[in-house]
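Heads up: numbering here begins at 1 and tracks the sequence.
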Amino acid sequence: MDLVIPCNSLFRQTPLHPRLSFPKGGVFPFRCRRKTTSELQSPVSATSPNGNPFPSIPTHKVTVLDRKQGVVHEFVVPEDQYILHTAEAQNITLPFACRHGCCTSCAVRVKSGQIRQPEALGISAELKEKGYALLCVGFPSSDVEVETQDEDEVYWLQFGRYFARGPIERDDYALELALGDE
């Protein structure tokens with residue numbers, strides 16, 4: 001049985017190093033797979049040389065109610081893919097800023113299902129327990145229904161107790177200066 005692997009420079013038809021030799025018969029026992037499904041380069045499914053399918057990566061239906069736009073998006077996301085990246089690959093526009101799980105621009109409230117988010121630094125464990133998640137670093141663990149949240153509202157829920165006088169007023173001039181430096 002041949003092994004199906006991603007194509008890259010390590011697996012060429014000719015050896016990379018003069019001392020590297022091919023196995024008996026002159027061909028490595030694998031085939032190169034070029035079809036990928038996202039920028040994370042993991043296949044949704046693969047087939048063996050005799051055509052029998054290997055187990056595919058589980059996929060889940062994700063439903064996002066975008067409150068700001070008043071639109072509901074439904075799309076399928078592989079379990080090992082970020083929800084935001086997969087949505088963008090399907091030309092679905094969702095709110096985001098940092099793409100690293102450090103802010104709350106892509107915060108959602110999970111209405112049903114589960115999202116695994118090991119890298120979500122932008123929200124506290126307390127907010128995660130209350131059902132908040134970040135789409136940019138969230139992986140679906142089941143079919144999920146979520147609702148986008150106002151970034152300032154999530155920020156207030158997370159940090160409001162530290163500011164006795166109420167929410168912090170946004171300083172648009174400082175934001176404009178900061179964005180101008182990039």
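- Following chains of ILVMFWY side-chain contacts shorter than 4.5 Å, one cannot reach Val108 starting from Tyr82, and the two form parts of different hydrophobic clusters.
- Leu94 and Val62 fall within the same hydrophobic cluster, defined by Ile, Leu, Val, Met, Phe, Trp and Tyr side-chain heavy atoms under 4.5 Å apart, directly or through other members.
- The side chain to side chain donor-acceptor pair (under 3.5 Å) test applied to Ser105 returns Glu151, not counting sequence neighbours.
- For His73, there are no side chain to side chain donor-acceptor pair (under 3.5 Å) partners two or more places apart in sequence or in a different chain.
- Residues Val154 and Leu127 form a side-chain contact, since some pair of their non-hydrogen atoms from C-beta on lies under 4.5 Å apart.
- Applying the salt bridge (charged side-chain N to carboxylate O under 4.0 Å, His left out) definition to pairs two or more places apart or across chains, those involving residues 57-73 are Lys61-Glu74, Arg67-Glu147, Arg67-Glu153.
- In terms of modelled atom types and a separation under 3.5 Å, the side chain of Thr104 and the main chain of Ala107 share no donor-acceptor contact.
- Note that SG of Cys136 and NE2 of His85 are 7.0 Å apart. Values are rounded to the nearest 0.5 Å.
- Taking OH of Tyr155 as the reference point, atom CG of Asp150 lies at 13.5 Å (rounded to 0.5 Å).
- Atom CD in Gln81 sits 7.0 Å away from atom CD1 in Ile57 (nearest 0.5 Å).
- One hydrophobic cluster, built from ILVMFWY side chains closer than 4.5 Å, cannot hold both Phe139 and Phe75; they sit in different ones.
- The side chain to side chain donor-acceptor pair (under 3.5 Å) test applied to Gln90 returns no partner, not counting sequence neighbours.
- Using a 4.5 Å heavy-atom threshold, the side chains of Thr148 and Leu65 count as separate.
- Between Cys102 and Leu121 the shortest heavy-atom distance is SG-CD1, 4.4 Å.
- With rounding to the nearest 0.5 Å, the separation of CD in Gln149 from SG in Cys106 is 11.5 Å.
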Distance-only donor-acceptor pairs under 3.5 Å for side chains of residues 128-135, two or more places apart:
from: Lys128; atom 1: NZ; to: Ala120; atom 2: O; distance (Å): 3.4
from: Tyr132; atom 1: OH; to: Arg109; atom 2: NH1; distance (Å): 3.4

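- Rounding to the nearest 0.5 angstrom, the gap separating the OG1 atom in Thr86 from the CG atom in Asp80 is 8.5 Å.
- Under a 4.5 Å side-chain heavy-atom cut-off, the cluster of Ile, Leu, Val, Met, Phe, Trp and Tyr residues that includes Val76 has no other member.
- Side-chain atoms of Lys111 and Val146, non-hydrogen and from C-beta on, never get closer than 4.5 Å to each other.
- Using a 4.5 Å cut-off on side-chain heavy atoms (C-beta onward), Ile83 and Pro140 make contact.
- Partners of Ser141 according to the side chain to side chain contact (heavy atoms under 4.5 Å, CB included) rule, which considers only residues two or more places apart in sequence or in another chain, are Gln114, Arg116.
- Hydrophobic clustering, with ILVMFWY side chains joined whenever heavy atoms are under 4.5 angstrom apart, groups Phe96 together with Val64.
- Here Leu84 contributes atom CG and Ile92 contributes atom CD1; the two are 10.5 Å apart, rounded to the nearest 0.5 Å.
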